[in-house]
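For the numbers below, each heavy atom of this structure counts, side chains included, while hydrogens, waters and symmetry mates do not. In what follows, every chain begins at residue 1, and chains take the letters A, B, ... in the order their sequences are listed.
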Amino acid sequence: MKTADLAGLPPGVPEHLRDEGIEELYPPQAEAVEAGVTAGESLVASVPTASGKTLVAELAMLSAVERGGKALYIVPLRALASEKKAEFERWEEYGIDVGVSTGNYDSSGEWLASQDIIVATSEKVDSLVRNNAPWVDDLSCVVADEVHLVDDSHRGPTLEVTLGKLRKINPGLQVVALSATVGNPEDIAEWLDAELVESEWRPIDLKMGVHYGNAITFDDGSQREVRVGKGDRQTPALVADILDDDGDGEDDDGGGSSLVFVNSRRNAEASAKRLADVTEKRLTSEERGELAEIAQEIRDVSDTETSDTLANCVAKGAAFHHAGLAADHRSLVEDAFRERLIKVISATPTLAAGVNTPSRRVIVRDWQRYDGDFGGMKPLDVLEVHQMMGRAGRPGLDPYGEAVLLAKNADTRDELFERYIWADAEPVRSKLAAEPALRTHLLATVASGFAHTREGLLEFLDQTLYATQTDEPGRLERVTDNVLDYLEANGFVERDGDGVTATSVGHTVSRLYLDPMSAAEIIDGLRWASDHREEKLRELEGEADGSARENRADAEVDADAGFQRASEMVPEEGTDADGDGGGDAESDDDVEFETDRTYPTALGLFHLVCRTPDMYQLYLKSGDREEYTELCYEREPELLGNTPSEYEDVRFEEWLSALKTARLLEDWADEVDEDRITERYGVGPGDIRGKVETAEWLLGAAEQLAGEIDASATVPVREAKMRVQYGVRDELIDLAGIRGVGRKRARRLFEAGIQTRADLREADKSVVLAALRGRRKTAENVLEAAGRKDPSMDDVREADAEDLPEATFETAKDRREDGDGEADDPEEQASLGDFG
DNA sequence: GAAATAGCGATGTAGACAGCATGTC
DNA sequence: CTACATCGCTATTTC
């Protein structure tokens, strides 16, 4: 089918496609059009990755808009939301407006209402539906990307329920579900009342094979010799082989890139280091230069060991990729790989699920992964391996893609062929009938008025994929009753016979997008705090008066390690004597200010949110158990709730891992350097940001819950939230709230005697300039953001900075210690709020 | 005698959505 | 109930 023949699209679109070189639809796309995607028909497309699914979605959305409708594109990851948005923006010249809505990147509701295509994550859509976003009623077309993820036990039910709700709100809704090739696409089609297009077709051929001994055996029977020297590893040999292969006749690209999938972060890093030796030898001097620049950018993202290791690899043309990387690291690596500067990436599954990074050769090195519940190494799902292999073959660059599994012996080779190459992907199974999923979704369904009775809930659930699949009819009803009991017992719903209504707290919980169990934990903790306030305060005061004890037991350890605690950098007495009331750091011995210690403390609140099911906790390594048991007793008065007995193994263990996670947050909010934190907790920079982001969200929710049940805790909660948000001690909260001022600059300003925004408006400009390391543009921006009338630095002499020895000292030290993504340019410091 | 290497036990294990208010594309 | 690669260490061999 010719694109020129497509009917129902906005004028100019077929011509645009032709100009992009798309004159003929791919067979699956043509099938989709025949099935009526451009005429508003619902469709399930179960096709391989990179076979043009996105165009099917675009045709559906553009034709829907042309008919006067509005389209929603649901993605599983935030990173994909921005990728898709960028892709769809090429239609703007034909009058199509594109908007995005995700947790961290949002546009106002009114603005979205005016957009034609909206890209959002499934959770965000769920939340918008819960909160009755007005434009939801106007939708006429919904695309669900990667719909096979309904199989995911954690996030699948959200997609499933959300699609159900959207269809219920708008009975005529066109649903276009894009799926990888799965075992049972007909189930999905039946559930969505949609036509099914099923295809194995791909635009670039994919050869799948297994490497064993000195050759790869492919699924088409062909073989390719790849010799592995004695004592050498298979992976470097395969990477070198394809890098040296320029026999594709297409152009002089000097051979192809590889993606290597491994099963742990550590393996990804170790493998990348080894592969760097392979790639380094094959770089041109031009490439070396460009890679060196990228390596520097990587170092500028974060001053941590992970960052440094990555930069070293990248300089040599290799990289690793996993969730411990900061978002900026990831995109730098992905971009450089697409630009063919980085020749190989060793990655965990992040890359298979994330943004598009095609490669000439994909090597699935590890096909088993440790699984604690399983109790050992578990083979990956066929679907997952297929997703990885599907990354092989760069359109327009490679004659075909190659996906290679590794085997150490002939038996394994045969097993891999059976298990992954000849095998079809598993069927998708709904995970809806599990208590954690239903807890959230039943409450939301009641709260947003989708159902008012138990019967109504069951009726709604009857429309889900789960219902079309189950062969155990009573199960959903049983779990529903358990969940309703739970919700009632915790005061989120009230029941009157068959009727179910959400309480005021229940509405809040649903709106805040909290797992009800998290909300219950937070509410219990806050209530406990207000019941035990006096007693605990006395305990805390007692300790504070008793001795000049160190605030934290490990301070000595830190000192041994040559680490200077943030608190030690704070001048003992404020630089100006008047005391701004902004709250000083808790100094240990005799205090000259009123001892109005806040309660609950930040650590107590961090611990509270860390023990909710919405927080992914750090887990205890060997030796941690002792360390954190001790810490637990020491900080016990701060924890909100009774510490479980040490003999309650599981509960106690969870309590400790929550404490460990809380401590990470406390370190962050005590201005401990990023590299210090990564080292101490064995995490990557991306993990810190992830934890901080989640904590920020949960504390925000806690703040609102506190307002609802017991306002006495709202202030401490808000303060704790702002401390994680900015990564600062309490005295810096005001300064760090200024745009362009993060934890580092706030601390420097504070040390220069500028403690508040008001100070900043009055302060001597040369002092500000010196505190900001002589960066005039930055200083101007900061002053302007602080609301100063005359931010210009033109009249300030550079030499003034030299008059301030303290600040000069700071500059040198900061150069060494900066770990916060500060680049040496005027726009250097991102506000700590905008991760990701 | 220093350095390479083999052997051994301890160790640790993928991923990532969401509120709200604001600022930004 | 289940694994396995890596790391840091020591014992042993090698030049």
Less than 4.5 Å apart, side chain to side chain, heavy atoms only: is that true for Tyr726(A) and Leu735(A)? no
dC4(C) phosphate, OP1 or OP2: any side-chain N/O from Arg365(A) under 4.0 angstrom? no
Residues Lys431(A), Asp152(A): salt bridge by 4.0 Å N-O rule: no
In this structure, how many angstroms lie between the P atom of dG23(B) and the CD1 atom of Ile738(A), rounded? 13 Å
If I compare all heavy atoms of Thr357(A) with all of Leu259(A), which pair ends up nearest, and what's the gap? O-CD1, 3.5 Å
Among dA14(B), dA3(C), dT2(C), which nucleotide sits nearest the side chain of Thr348(A)? dA14(B)
Within-4.5 Å side-chain heavy-atom neighbours: Phe492(A) and Val505(A): yes
dT6(C) phosphate, OP1 or OP2, under 4.0 Å from Arg274(A) side-chain N/O: yes
Under 6.0 Å from the CD atom of Glu92(A), do we count more than 12 heavy atoms belonging to anything else shown? yes
Assign Leu698(A) to base, sugar-phosphate, or nothing according to its heavy-atom contacts below 4.0 angstrom with the strands shown. nothing
Mind checking if Arg718(A) touches a base, just sugar-phosphate, or nothing, with heavy atoms under 4.0 Å? nothing
By the 4.0 Å heavy-atom rule, please label Thr102(A) as base, sugar-phosphate, or nothing. sugar-phosphate
Trp111(A) or Ser101(A): which one's nearest nucleotide on DNA chain B is closer to the 5' end? Ser101(A)
Taken to the nearest whole Å, CH2/Trp367(A) to P/dA14(B) is 18 Å
Without decimals, in angstroms, what is the distance between Leu112(A) CG and dT24(B) P? 18 Å
With a 3.5 Å cut-off and heavy atoms only, can you find an N or O donor on one side and an acceptor on the other between the side chain of Tyr105(A) and the base of dC25(B)? yes
If I take atom CZ in residue Arg155(A) and atom C1' in nucleotide dG15(B), what distance separates them, rounded to the nearest angstrom? 9 Å
Among Glu269(A), Arg266(A), His329(A), whose side chain to side chain donor-acceptor pair (under 3.5 Å) with His322(A) holds? Glu269(A)
Salt bridge or not for Glu87(A) and Lys84(A), using N-O below 4.0 Å? yes
Would you mind telling me which residue lines up with the more 5' stretch of DNA chain B, Glu89(A) or Ala79(A), judged by nearest nucleotide? Ala79(A)
If you look at every strand shown and take non-hydrogen atoms under 4.0 Å, does Lys691(A) touch a base, only sugar-phosphate, or nothing? nothing
Does Gln704(A) reach a base, just sugar-phosphate, or nothing at all? Heavy atoms under 4.0 Å. sugar-phosphate
Counterpart base for dC15(C), defined by Watson-Crick or G-U wobble contacts under 3.5 Å: dG1(B)
Would you indicate, yes or no, if dA18(B) has its OP1 or OP2 atom less than 4.0 angstrom from a side-chain nitrogen or oxygen of Thr121(A)? yes
Would you indicate which nucleotide in dA18(B), dA14(B), dC4(C) comes nearest to any side-chain atom of Ser264(A)? dA14(B)
Return no unless some side-chain N or O of Thr694(A) is found under 4.0 Å from OP1 or OP2 of dA18(B). no
For atom CZ of Arg130(A) and atom C1' of dA18(B), their distance in whole Å: 9 Å
Looking only at the side chain of Pro349(A) (C-beta and beyond, no hydrogens), which of the listed nucleotides dA14(B), dA16(B), dA18(B) gets closest? dA14(B)
Looking at the side chain of Tyr513(A), which of dG15(B), dG19(B), dC4(C) is the nearest nucleotide? dG19(B)
Establish, with yes or no, whether the OP1 or OP2 oxygen of dA18(B) is under 4.0 angstrom from a side-chain nitrogen or oxygen of Arg78(A). yes
Opposite nucleotide pairing with dG23(B), Watson-Crick or G-U, both atom distances under 3.5 Å: none
Roughly how many Å is it from NZ in Lys124(A) to P in dC17(B), rounded to a whole number? 13 Å
In sequence, state the C-alpha distance, the side-chain angles, and the governing distance for Arg625(A) and Glu653(A), and then conclude on salt bridge (charged side-chain N to carboxylate O under 4.0 Å, His left out). CA-CA 8 Å; Arg625(A) 199 185 154 95; Glu653(A) 192 105 352; 2.6 Å; yes
Under 5.5 Å and under 30°: Trp697(A) stacked on dA18(B): yes
What integer distance in Å separates Arg265(A):CZ from dA16(B):C1'? 11 Å
Distance between the P atoms of dT6(C) and dA14(B), in whole angstroms? 14 Å
Hey, which of these two, Gly375(A) or Lys273(A), hits DNA chain C nearer its 5' end, going by closest nucleotide? Gly375(A)
Between Arg233(A) and dT6(C), is there a contact of a side-chain N or O with OP1 or OP2 at under 4.0 Å? yes
Nearest whole Å is fine: how far is dG19(B) C1' from Gln725(A) CD? 12 Å
Which base, if any, makes a Watson-Crick or G-U wobble pair with dT10(C), both distances under 3.5 Å? dA6(B)
Taking every non-hydrogen atom, the tightest pair across Ser448(A) and Lys165(A): OG-NZ, 4.2 Å
Which nucleotide in the list dC25(B), dA14(B), dC17(B) gets nearest to the side chain of Lys85(A)? dC25(B)
Heavy atoms only, 4.0 Å cut-off, all strands: where does Asn263(A) land among base, sugar-phosphate and nothing? sugar-phosphate
Could you tell me whether the side chain of Trp668(A) reaches within less than 4.5 Å of the side chain of Arg743(A), counting heavy atoms only? yes
First encountered from the 5' end of DNA chain C, between Asp366(A) and Phe374(A): Phe374(A)
Nucleotide-resolved protein contact map, nucleotides 6-11 of chain B, B/S/- at heavy-atom distance under 4.0 Å: -----S
When you measure from the side chain of His154(A), which nucleotide among dA3(C), dT24(B), dC17(B) comes out closest? dC17(B)
Quick one: does Tyr370(A) reach the base of dG12(B) with a side-chain donor-acceptor pair under 3.5 Å? no
